[in-house]
Amino acid sequence: MKCERARLWFSDLIDGSIQPAQRVVLEAHLAACAACAEEVRSLRAVWSGLDAMPSLEPPATLRATIWQRIEAHQTQADRSARRARPSWFTGWVRVTTVTAGAVALLALATVSVPGRFRSAGWTSWIPGVHRSTSKPPALHVTGTAQTESGDRFVAVTLRASAVVPAADVIVTAHGAEIGRSRVALRPPETTVRVPVAAATGPIEVRVEIRQSQRALTLIVPVR
C-alpha cells in the first residue's frame, strides 16, 4: 500500500468507522512505515485535544448586536450615497443590490449533484440560533472507482460535502449485482474497498443514499 492511499483511511481508523478489511491492510502498512505511524499518532493527539475542549455558548444578545451593527452600517452607507450621488443613482444601486441578493439566494437554494440526483435544499445559520428550512441540508457528492487485486476488489472513493450516515455502494456487471458494501460518508472523502465476485463483462458502480426522506442515486465511473 502506498502512503497516499493509506492517508485516505486515517480518519476512519481513528474514529472507528474503518472496514475490517481496510483495517488489516492499513495496520500492516503502519507497522512498516514509520512516517505514517507517526502521522496517525499526531492525528490521534489532535482529535483527543479537540474532544477535550469545552463547548462555548454565544451570548444571548449576539444576534441582536449583529443586526444592530448591520442596520447602523447600512444607514450610514445610505446617507453617504445620498450626499455623493444624485437621487436616480441611489435608486439604481438599491435595485441592483436587491437583485444580486435574490440571485445569490436562488443559487444557494438548489444544488446540482453529479449523477442521477434530485435537487437538495440548504440550511440557514446565525450564531446562537440554528434554523432549518423546510428542505433537507444541501448535499454534493462525487466519486471515482477502480479495480484492485486482480479484479477481486473495487476501490470506490466518494467526496461528500456533508456527513451521510449510511450509503450503499453496489457493484454490478451486466445488470447483476456482484458486490455490495455499506459505508458512512464523512467530508472531505471516504474510500471503501468492495469485495466482488468474478465478472466477465464491464462493471458499474452505483451509490444509493437515503437521507431525510430522499432517495439519491449516483453512478460512479470506473477507471
Side-chain angles (χ1 to χ4, degrees), residues 1-53 55 113-115 117 120 136-173 177-199 203-212 214-223:
M1 166 179 278
K2 294 183 178 180
C3 295
E4 291 78 4
R5 178 164 293 278
R7 292 190 182 97
L8 298 177
W9 295 349
F10 284 176
S11 60
D12 291 343
L13 176 66
I14 294 172
D15 65 18
S17 64
I18 192 170
Q19 300 293 323
Q22 294 175 339
R23 177 183 292 273
V24 172
V25 176
L26 180 57
E27 288 182 346
H29 175 77
L30 295 176
C33 180
C36 285
E38 178 60 30
E39 187 170 345
V40 169
R41 283 193 292 271
S42 298
L43 286 174
R44 289 187 190 276
V46 171
W47 284 34
S48 297
L50 291 175
D51 289 340
M53 293 180 64
S55 298
V113 183
F117 270 84
L139 177 63
H140 184 86
V141 180
T142 59
T144 56
Q146 62 182 10
T147 57
E148 291 185 350
S149 304
D151 297 339
R152 292 188 298 112
F153 293 89
V154 175
V156 183
T157 299
L158 299 171
R159 288 165 290 278
S161 61
V163 174
V164 177
D168 290 317
V169 180
I170 304 167
V171 183
T172 61
E177 183 176 317
I178 61 174
R180 174 190 290 258
S181 288
R182 173 163 291 188
V183 62
L185 305 184
R186 292 177 174 81
E189 67 179 30
T190 303
T191 299
V192 57
R193 297 177 75 240
V194 184
V196 296
I203 64 174
E204 180 183 73
V205 175
R206 185 174 75 254
V207 180
E208 295 182 351
I209 300 172
R210 292 175 176 81
Q211 184 181 32
S212 300
R214 293 176 297 178
L216 310 178
T217 300
L218 171 68
I219 303 301
V220 178
V222 181
R223 296 200 300 266

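The first residue of the sequence shown is numbered 1, and numbering continues consecutively from there. For clarity, every value in this text was computed on a predicted model and none was experimentally measured.
For the atom pair CG of L13 and CZ of R23, the computed distance is 5.5 Å after rounding to the nearest 0.5 Å.
Closest of all the heavy-atom pairs between I219 and R206 is CD1-CG, 3.8 Å. The heavy-atom pair separating V207 from V220 by the smallest distance is CG2-CG2, 3.7 Å. The nearest pair of heavy atoms linking Q22 to V192 is NE2-CA, 3.1 Å. Residues S181 and R193 share a closest heavy-atom pair of OG-O, 4.4 Å. Counting all heavy atoms, side chain and backbone alike, L158 lies closest to G143 at CD2-CA, 3.9 Å. Minimum heavy-atom separation, C3 to C36: SG-SG, 3.6 Å.
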**Prompt:** Passes salt bridge (charged side-chain N to carboxylate O under 4.0 Å, His left out), E148 versus R5? Steps please.
**Reply:** CA-CA 13 Å; E148 291 185 350; R5 178 164 293 278; 3.7 Å; yes
*side chain to side chain contact (heavy atoms under 4.5 Å, CB included) evaluation trace for V183 with V169*: CA-CA 8 Å; V183 62; V169 180; 4.0 Å; yes
| said: Between I203 and V154, does the side chain to side chain contact (heavy atoms under 4.5 Å, CB included) criterion hold? Intermediate values first, please. | reply: CA-CA 10 Å; I203 64 174; V154 175; 3.7 Å; yes
Given the rule in the side chain to side chain contact (heavy atoms under 4.5 Å, CB included) test, do V24 and L26 qualify, once you have shown the distances and angles that lead to the verdict?
-> CA-CA 6 Å; V24 172; L26 180 57; over 6 Å; no
*After noting the C-alpha distance and the side-chain angles of I170 and E177, does the key distance pass the side chain to side chain contact (heavy atoms under 4.5 Å, CB included) rule?*
CA-CA 7 Å; I170 304 167; E177 183 176 317; 3.8 Å; yes
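When the salt bridge (Lys or Arg N to Asp or Glu O under 4.0 Å) test is applied to E39, the partners found at least two apart in sequence or on another chain are R7. Considering only residues two or more places apart in sequence or on other chains, E38 meets the side-chain contact (heavy atoms from CB on, under 4.5 Å) condition with R41, S42. Residues satisfying the salt bridge (Lys or Arg N to Asp or Glu O under 4.0 Å) test with R152, not counting sequence neighbours, are none. By the side chain to side chain donor-acceptor pair (under 3.5 Å) test, T157 is found to be paired with T191, residues two or more places apart in sequence or in another chain being considered.
Counting only heavy atoms from C-beta outward, the side chains of V222 and E204 never approach each other to under 4.5 Å. Using a 4.5 Å cut-off on side-chain heavy atoms (C-beta onward), S161 and V141 make no contact. Contact annotation: the side chain of L30 approaches that of F10 to within less than 4.5 Å [non-hydrogen atoms, C-beta and beyond].
Sorted by first and then second residue, the pairs that involve residues 9-20 and meet salt bridge (Lys or Arg N to Asp or Glu O under 4.0 Å), not counting sequence neighbours, are D15-R186. The stretch residues 156-169 participates, sequence neighbours left out, in these salt bridge (Lys or Arg N to Asp or Glu O under 4.0 Å) pairs: R159-E189, D168-R182.
Between the side chain of T190 and the backbone N or O of L185, no donor-acceptor pair lies under 3.5 Å.
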